[in-house]
> 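Handing you a structure now.
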Amino acid sequence: MNKLLIRLIVYFVYKIDWKKLFLVGAIILKLGIILQITFLHFPLSTWLHSPLIHISTPTSLSTSIQLSLRHGKHWPLHQIAMPVPLNASSELKKNVRTSRRKRRRRNREYELQVPIPPPPPPTPPTPLQRHIWSLSPNKQLLYAKKELMHAPVVSNDSELYAPIFKNVSIFKRSYELMELILKVYIYPDGQSPIFHEPHLSGIYASEGWFMKLMEANRLFVTRNPEKAHLFYLPYSIRQLQQALYVKGSHKITPLSLFLRDYVNSLAAKYPFWNRTHGADHFLVACHDWGPYTVTKHKELATNTIKALCNADLSEGIFQAGKDVSLPETTIRRPRRPLRNIGGGKRVSQRPILAFFAGNMHGRVRPLLLKHWHNKDEDMKIYGPLSQSVSRQMSYIEHMKSSKFCLCPMGYEVNSPRIVEAIYYECVPVIIADNFVPPFNEVLDWSAFSVVVAEKDIPKLKEILVAIPIKRYLRMLANLKMLQRHFIWNLRPVKYDVFHMILHSIWLSRCCISRASDAPCFKHIVHSRRRADKFYIIGCAGGRGTASHL
């Protein structure tokens, strides 16, 4: 007997293929699970076990009922009422009533469930839209130019506030054409962190936010470069500076050479750069060094559309009309870019006439401090805001409590205080000669800001006090309507800062000639007397025509 048992054990251990046995067992187990999920409304354990009802002895002060009905809507007894004894506790009664309500609600949802209708199909394109989409990119741009020349007059538009625009009719029509026509091709070339890796915090965050939202966009981005009107060079000057600049060297030549080689590699790999010599390409750079890093490539510096925070006309790199002034926005928390926006006070609650606090660099700020620091109670002009002052009133509260916020240039002409003043509803006073304000081609900056020449800093208070109260109130009201055009949203919203930047680039592309000519831009000029009219001025230097693309 023992020998037989030993032989059987040896047979099962050595003769049986355990791998196959485990495989068969696993298959059977999976089939059982699939069968249960597919054909049965509740677990097999519900078939095998009855609901557990435990009732205590009659002498008990309360009756405890434990009912295990996880799938009550399928259980045959789910419609049977549960009698509650008279001596049951109030808590038990409440639980039973709650259970009944939940069960009835589930039953109603289960029995009266209506299938969710599919989303409505997209609106079919009109014959005109089909015709426009069938055109080549160059013909689409010609169509857009003609449409801008005959833009319908806009009055009392519910989406746009006309007083802050040079010509709201032209802007609205141009924006509509952008949504209808514009396609952007983003070069996939380039390794992170310099390429395709946005920097989303700090004062140079505009270039990173634009990159992030542009690469995630589905309306304007195309994967077919033959259909593109614009080609985006997706690099970050901030990331380039952190990756290649040697601290203390005071040399940015390696950055310029790196970009030169990058553009040359694109020109060798793709036909698109050489086709227009870079006229239909654009870059977005908010770092102060943005203009200087393109100087080693002549076509990149001359022909490419540059969206720059450092929009300085005196350097000879930024070209008014062709290039775009990029707003410099300070983002402290990328997950909450709208933090602290708004909340400006009434005029009666603004005791400070003008406010500035910041580091003393550049040529303008030391001059401002020299003339106005501790010279007038109405003029709160500081260097870096000290802790003793910030304890009493923070930097943001200073801006919200001031009638005017001074925005002097630093090392370069751009300043994040311009957008901060818009956020906190404080009329910005721009002190930077040769600076082109953001979106200057469409926005009327005289409607909500003051520009003071650097030589007029000693007369600053005189200039501000001379502004009539009615004009100031209009400027303050215009600032509130302007905020939406300078706000970053986690998901872009119509007319926000992402779309405003893209529109400025689109308008530049729509109105420039082929790069073989001199850079040419057809300026749209606003007439105050005839707000419904606009005029097309010839190209700078008289070179190029409207038909050149």
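Keep in mind that what you see is a predicted model, and the values were worked out from it rather than measured. These values consider heavy atoms only, across backbone and side chains, with no hydrogens, waters or symmetry-generated copies.
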> Would you mind reporting whether Ile501 and Pro327 have side-chain heavy atoms less than 4.5 Å apart?
yes
> Would you find a donor on one side and an acceptor on the other, under 3.5 Å apart, between the side chain of Ser402 and the backbone of Phe404?
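Not a single qualifying donor-acceptor pair exists.
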> Taking atom CG of Leu406 and atom CD1 of Ile431, what is their separation to the nearest 0.5 Å?
5.0 Å
> To the nearest 0.5 Å, what is the distance between CG (Leu182) and CH2 (Trp506)?
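Rounded to the nearest 0.5 Å, the CG-CH2 separation comes out at 6.0 Å.
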> Using every non-hydrogen atom in the two residues, find where Ser449 and Arg471 come nearest and quote the distance to one decimal.
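Where Ser449 meets Arg471 most closely, the heavy atoms are O-NH2, 4.4 Å.
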> Using only atom types and a distance under 3.5 Å, with no angle test, would you say the side chain of Ser134 pairs donor to acceptor with the backbone of His131?
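Looks like yes, one N/O pair under 3.5 Å.
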> Using a 6.0 Å cut-off, check whether atom CD of Gln392 has over 12 heavy atoms from anything other than its own residue.
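Atom CD in Gln392 is not packed in, count stays at 12 or less.
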> Taking the side chain from Ser236 and the backbone from Pro198, do they hold a donor-acceptor pair closer than 3.5 Å?
no
> Where do Lys306 and Val324 land on the side-chain contact (heavy atoms from CB on, under 4.5 Å) test, with the steps shown first?
CA-CA 6 Å; Lys306 301 180 288 295; Val324 174; over 6 Å; no
> For a side-chain contact (heavy atoms from CB on, under 4.5 Å) check, start with the C-alpha distance between Thr304 and Val294, then their side-chain angles and the critical distance, and finish with the verdict.
CA-CA 10 Å; Thr304 302; Val294 302; over 6 Å; no
> Compare all side-chain heavy atoms of Ile457 with those of Trp372 and state whether any distance is below 4.5 angstrom.
yes
> Kindly compute the distance separating CG (Leu142) from SG (Cys510), expressed to the nearest 0.5 Å.
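Leu142 CG to Cys510 SG: 9.0 Å, rounded to 0.5 Å.
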> Could you verify whether a donor N or O on one side chain and an acceptor N or O on the other, from His503 and Tyr495, lie under 3.5 Å apart?
no
> Under 3.5 Å, is there a donor-acceptor pair between the side chain of Asp323 and the main chain of Ala320?
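No; judged by distance alone, with no hydrogens or angles, the pair does not exist.
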> Within this structure, what is the NZ-NZ distance for the pair Lys455 and Lys459, rounded to the nearest 0.5 Å?
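Spacing of NZ (Lys455) from NZ (Lys459) equals 5.5 Å.
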> Is there a donor-acceptor pair closer than 3.5 Å between any side-chain N or O of Ser174 and the backbone N or O of Ile170?
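Not confirmed, Ser174 side chain does not pair with Ile170 backbone.
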> Check whether any side-chain heavy atom of Ile164 lies under 4.5 Å from a side-chain heavy atom of Asp444, and answer yes or no.
no
> Look only at the side chain of Tyr472 and the backbone of Lys403, and say whether a donor-acceptor pair between them is shorter than 3.5 Å.
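Indeed, once roles are kept as given, a pair shorter than 3.5 Å links the two residues.
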> Distance only, no hydrogens: is a donor on one side chain within 3.5 Å (strictly under) of an acceptor on the other, for Glu226 and Tyr185?
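The criterion, which ignores hydrogens and geometry beyond distance, is not satisfied for Tyr185 and Glu226.
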> Are Tyr187 and Phe272 packed together at the side-chain level, in the sense that at least one heavy-atom pair is separated by less than 4.5 angstrom?
yes
> Looking at every heavy atom in both Trp133 and Pro125, which two are closest together, and how far apart are they?
CZ3-CB, 3.5 Å
> Test side-chain contact (heavy atoms from CB on, under 4.5 Å) on Lys400 and Gln349 and set out the steps.
CA-CA 9 Å; Lys400 292 181 178 181; Gln349 297 176 333; over 6 Å; no
> Quick one: do Lys494 and Glu159 make a salt bridge, cutoff under 4.0 Å?
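Judged by the 4.0 Å cut-off on N to carboxylate O distance, Lys494 and Glu159 do form a salt bridge.
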> Out of Ile237, Asn310, Leu308, which residue meets the side chain to side chain contact (heavy atoms under 4.5 Å, CB included) rule with His287?
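Between His287 and the candidates, side chain to side chain contact (heavy atoms under 4.5 Å, CB included) is satisfied uniquely by Ile237.
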> So, the side chain of Gln483 versus the backbone of Tyr423: is there a donor-acceptor pair under 3.5 Å, distance only?
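Yes: the side chain of Gln483 pairs with the backbone of Tyr423.
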> Tell me whether the centres of the aromatic rings in Phe498 and Phe210 are closer together than 6.0 Å.
yes
> Would a distance-only check, ignoring hydrogens and angles, find a side-chain to backbone donor-acceptor pair under 3.5 Å from Asn478 to Ala447?
yes
> So, Glu207 and His199: side-chain donor and acceptor under 3.5 Å apart, yes or no?
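No.
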> Could you check if a side-chain atom of Glu315 sits within less than 4.5 angstrom of a side-chain atom of Pro291, using non-hydrogen atoms only?
no
> For Phe195 and Tyr262, I'd like to know if the aromatic rings sit close, meaning centre-to-centre distance below 6.0 Å.
yes
> Go through it in stages, so that I can follow the logic: the residues are Lys461 and Asp378, the test is salt bridge (charged side-chain N to carboxylate O under 4.0 Å, His left out), and I'd like the CA-CA distance, side-chain angles, deciding distance and then a yes or no.
CA-CA 9 Å; Lys461 183 177 181 180; Asp378 295 334; 3.3 Å; yes
> Hey, are Glu176 and Arg173 close enough for a salt bridge, meaning a charged N less than 4.0 Å from a carboxylate O?
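Arg173 and Glu176: salt-bridged.
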> Which of these, Tyr175, Tyr161, Phe165, sits in a ring pair (Phe, Tyr, Trp, His ring centres under 6.0 Å) with His485?
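In the set Tyr175, Tyr161, Phe165, the residue that makes a ring pair (Phe, Tyr, Trp, His ring centres under 6.0 Å) with His485 is Phe165.
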> Between Asn224 and Thr222, is there a side-chain donor-acceptor contact under 3.5 Å, judged purely by atom types and distance?
no
> Could you pull out the closest heavy-atom pair between Pro334 and Ser201, with the gap in Å?
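Nearest pair, atom of Pro334 first, then Ser201: CG-CB, 4.1 Å.
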> Using modelled atom types only, decide if a donor and an acceptor are shared between the side chain of Trp289 and the backbone of Gln241 within a distance under 3.5 Å.
no
> What I'd like to find out is whether the side chain of Ile305 reaches to under 4.5 Å of the side chain of Leu283, using heavy atoms alone.
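No, every pair of side-chain atoms sits at 4.5 Å or beyond.
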> For Thr126 and Gln129, indicate whether the former's side chain and the latter's backbone hold a donor-acceptor pair under 3.5 Å.
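Such a contact is found between Thr126 side chain and Gln129 backbone.
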> Using only heavy-atom distances, determine whether the side chains of Ser314 and Asp312 contain a donor-acceptor pair under 3.5 Å.
yes
> Less than 4.5 Å apart, side chain to side chain, heavy atoms only: is that true for Leu507 and Phe439?
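They are not in side-chain contact.
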> Suppose we screen for ring pair (Phe, Tyr, Trp, His ring centres under 6.0 Å). Which residues come up paired with Phe435, at least two apart in sequence or across chains?
none
> Do you know which of Arg350, Lys345, Lys380, Arg391 makes salt bridge (charged side-chain N to carboxylate O under 4.0 Å, His left out) with Glu397?
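With Glu397 as partner, Arg350, Lys345, Lys380, Arg391 yield a single salt bridge (charged side-chain N to carboxylate O under 4.0 Å, His left out), made by Lys345.
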> Answer yes if the ring centres of Tyr382 and Phe356 are under 6.0 angstrom apart, and no otherwise.
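So the answer is no for these two rings.
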> Heavy-atom count around Arg491 CZ within 6.0 Å, excluding the residue itself: above 12?
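Atom CZ in Arg491 is not crowded, with 12 or fewer foreign heavy atoms closer than 6.0 Å.
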> Testing the basics here: between Ile331 and Leu200, what is the closest heavy-atom pair and its distance to 0.1 Å?
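Looking at all heavy atoms of both residues, the closest pair is CG2-O, 3.4 Å.
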> Any side-chain heavy atom of Glu420 within less than 4.5 Å of one from Thr329?
no
> Specify the closest pair of heavy atoms between Ser508 and Gly321, including all atoms of both residues, with the distance to one decimal.
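Looking at all heavy atoms of both residues, the closest pair is OG-O, 4.1 Å.
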> For residues Tyr270 and Trp273, establish whether the separation of their ring centroids is below 6.0 Å.
no
> If you measure from CD on Glu328 to CD on Glu412, what distance do you get to the nearest 0.5 Å?
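Rounded to the nearest 0.5 Å, the CD-CD separation comes to 10.5 Å.
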> Could you state the interatomic distance from CE (Met475) to CG (Leu482), rounded to the nearest 0.5 Å?
11.5 Å
> Between Leu443 and Pro438, which heavy-atom pair has the shortest distance, and what is it?
CD1-O, 4.1 Å
> From the options His499, Arg509, Glu441, select the one residue that forms a side chain to side chain donor-acceptor pair (under 3.5 Å) with Ser504.
Glu441
> When you look at NZ of Lys172, are more than 12 heavy atoms from neighbouring residues, nucleotides or ligands closer to it than 6.0 Å?
yes
